[in-house]
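As the structure lists them, so they are numbered: ligands from 1, and atoms in each ligand from 1. Keep in mind the model is a prediction, meaning the values are calculated, not measured.
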Amino acid sequence: MRGARTAVVLGAIGPALALNPLDTFYPPTLNDTSYISNTSIGTYGGIYKAPTNGPTEGTPYGTYDYCSMPHPRTNEYELPEPIAKGSVKGKLVYLEYLQRHQRRSPYNILPGGENQAYECDNVRTYLYAGPSSNNGIQPIPMYAQTYQDPTNPFTPGVNGTCQYPQITIGGVQDGFQHGKDLWAVYGKKLGLIPDAPNSRVWFRSSDSALTQGSAGAVLRGVWPKYDGALPLHQMVSSVDTVNEGYSCGAIDTTLAELEATSEWKAHLTVTADLRSKLGSMLGATSSSWQDTFDHFSDNFQARLCNGYDLPCSTSNSSACVTMEMAEEVFRAGDWEWNYYWRTNAYVKKYIQVVEGLFISEIVTRLQTVLDGNSSLDYSHTFIHDGDIGPILGALGINVLRWPAMASNIAFEIWETEGKKDLYARVLYSGQPIQTIHGSLEWLSLSSLIDILTPYVPEDITSLCG
Ligand SMILES: *[C@@H]1O[C@H](CO)[C@@H](O)[C@H](O)[C@H]1NC(C)=O
Ligand SMILES: *[C@@H]1O[C@H](CO)[C@@H](O)[C@H](O)[C@H]1NC(C)=O
Ligand SMILES: *[C@@H]1O[C@H](CO)[C@@H](O)[C@H](O)[C@H]1NC(C)=O
Ligand SMILES: *[C@@H]1O[C@H](CO)[C@@H](O)[C@H](O)[C@H]1NC(C)=O
Ligand SMILES: *[C@@H]1O[C@H](CO)[C@@H](O)[C@H](O)[C@H]1NC(C)=O
C-alpha cells in the first residue's frame, strides 16, 4: 500500500532491518536455503497469529499476514499512477478478482493426536437443496453439526466439533469484512460493482466447502441487504480446472522431477534436525509429514490463526513446538512455494499442467474485454493456495511466499477517455504486484495477456501424457 508505506522496525528481524509492509511480501534471500536456517530472519515481518473471533488485519495494514492477507481497502487504495497524477483520464471497466478462502481448521491432524480440541459450534456450515423456482419447496436451512459418539471405536486424533478442514468463525467474519471493503472500493468509490447482483457479475468456486463458505461470507459483505440466492459456478469435480480437479499424470511426474533436484534435497538437509525433532514429538515421521513442510505448516498455522497455541506432544505435555520451530517451518514453507512456482527448472511446464486451463479462462475473459465484447464487469473466483501460487508464478512475481489465507489477485482493467485504450493493473493482496516484468501498475491489456499466454497449454491432453 503506497499510502501506508511507513517503515517500521519489525522486532523479529533485529534492529538493522526496517521493513515497510510491501517488503514483507518479497524477502530478497528467499531463493537460498540459508533463508530457512537463519533464525535471525524470524518471520521476515510476517504475521502468524489471530484470535478465534473477529476480522483481523496486520499492523501496519498491508503486511504479509498468514491469517488474513490484506486486500483492496479504501483507506489505502490509490488510483493507478497515471490517473492519480491526472496525465490520463479513465475509468475502471472490468475486475477479475481471485481469492483464497479465509482462515480455517487444518487439513492435517497430527498423527500422534492433538493436545487441544478445536471448537466450531460457533459456525454453521449450511447444506441444503431446493428447486430453482421460488414457488417450489423451500427447504429448511440445514447445517452440519459435527459431534463425537463415544460408541465409535475410531478416533480422529482430535477432540471438538470441527470438520477438517472447515471455515472457522474468524474466517466467516474476516470474509464479511473483506467483502465490505471490496464494495467500498469497487462499488461505492469506483462504481463498477452494481448496487445489487445483476447479469454482469459472475461467481465461481472450487468444489470445496471452504471456498463456498468464503463466498457466502464475502458476498454478504458486498451486498449486505440483498435478499435472494446467487449461483456459485462450479465445474464437475472430475474435470475441474481449479484445485487440481482433472487428472493429469504430468502433474505428479513434474513434481517428482522438481523434488529430485539438488536444491530440493539441500532444503531437506538444512531442516533435517527440525524435521526429526518435530517427527518424534508429534508422531509425524511418515513421508507425508517429512517430505515437504506442507503438513506441519498447515497444522501450526491453523492453530495460531484461530486463537489456539502451538501443539505439544500428547504423551509429554512439556514437549511443545516453540515459536522458533514454527518460524523455521514457515520459512521452509515459503522456500518451497517459491521453488514450486518460481525457481525450479521445470516451472513453466508445472504451471501449465496444474493451472494452465484456468489461466486460459482468465485470458479468454480478458480478451473479450479487449475485443470490447465482455458480457461481464466483475468476476470473483474463490479458490485455493494451490491455484493462487501458480497464477502468481505465471505473472512472474519476484519472490513468492506461501499465498496465505484470503490472499487475492485483482486484475483491474481501465479504459482511457477519448482513445478508449485499455490498460491493466494487477494488485496482489492490495498492492501492485512486483514482477520480473516490473511493477504491474499500468500496462496495456494486450501486454498483460502476453505475459499470461505462454502458460496456456497448447494441447493439455498430450502434455498430461
Ligand atoms: C541472517 O539474516 C540476517 C538478516 O537478514 C542477515 O543480516 C545475516 O547476514 C544472515 N546470516 C547468514 C549467515 O546468512
Ligand atoms: C478427548 O476427550 C476424551 C474424553 O474427554 C479424553 O479422554 C481424551 O484424552 C481427549 N483427547 C485429547 C487428545 O485431548
Ligand atoms: C518431556 O519433554 C521434556 C521437554 O522436551 C523433556 O525434557 C523430558 O525429558 C520429557 N519427558 C519424558 C518422560 O520423555
Ligand atoms: C532465484 O533463482 C532463480 C532461478 O534459479 C534465478 O533466476 C534468480 O536470479 C534468483 N534470484 C536471486 C535474487 O538470487
Ligand atoms: C460478441 O459476443 C457475441 C455473443 O457473446 C457474439 O455473438 C459476437 O460474435 C461477439 N463479437 C465479437 C466481435 O467478438
Donor-acceptor contact present, side-chain T271 to main-chain L268, <3.5 Å: yes
Nearest-neighbour protein heavy atom for atom 13 (C) of ligand 2, which is reported as residue plus atom name and distance: E114 O, 2.9 Å
Where V353 and I251 come nearest, the two heavy atoms and their spacing: O-CD1, 3.7 Å
Atoms in ligand 1 with a heavy atom of S40 nearer than 4.0 Å: 1 (C), 2 (O), 3 (C), 4 (C)
Pair N115-T314, side-chain donor/acceptor within less than 3.5 Å: no
Protein heavy-atom partner closest to atom 14 (O) of ligand 2 - residue, atom, separation in Å: N159 ND2, 3.4 Å
Ring centroid separation Y164 to Y107 under 6.0 Å: no
Check: W335 ring centre within less than 6.0 Å of Y35 ring centre: no
Contact bool for atom 2 (O) of ligand 2 (protein heavy atom, d < 4.0 Å): yes
Contact partition for I41 relative to ligand 1, non-hydrogen atoms under 4.0 Å: side chain
Which atom of T254 lies closest to which atom of Y346, heavy atoms considered: CG2-CB, 3.8 Å
Test of proximity, N38 against ligand 1: N or O pairs below 3.5 Å: yes
Atom 11 (N) of ligand 2 touched by protein heavy atom at under 4.0 Å: yes
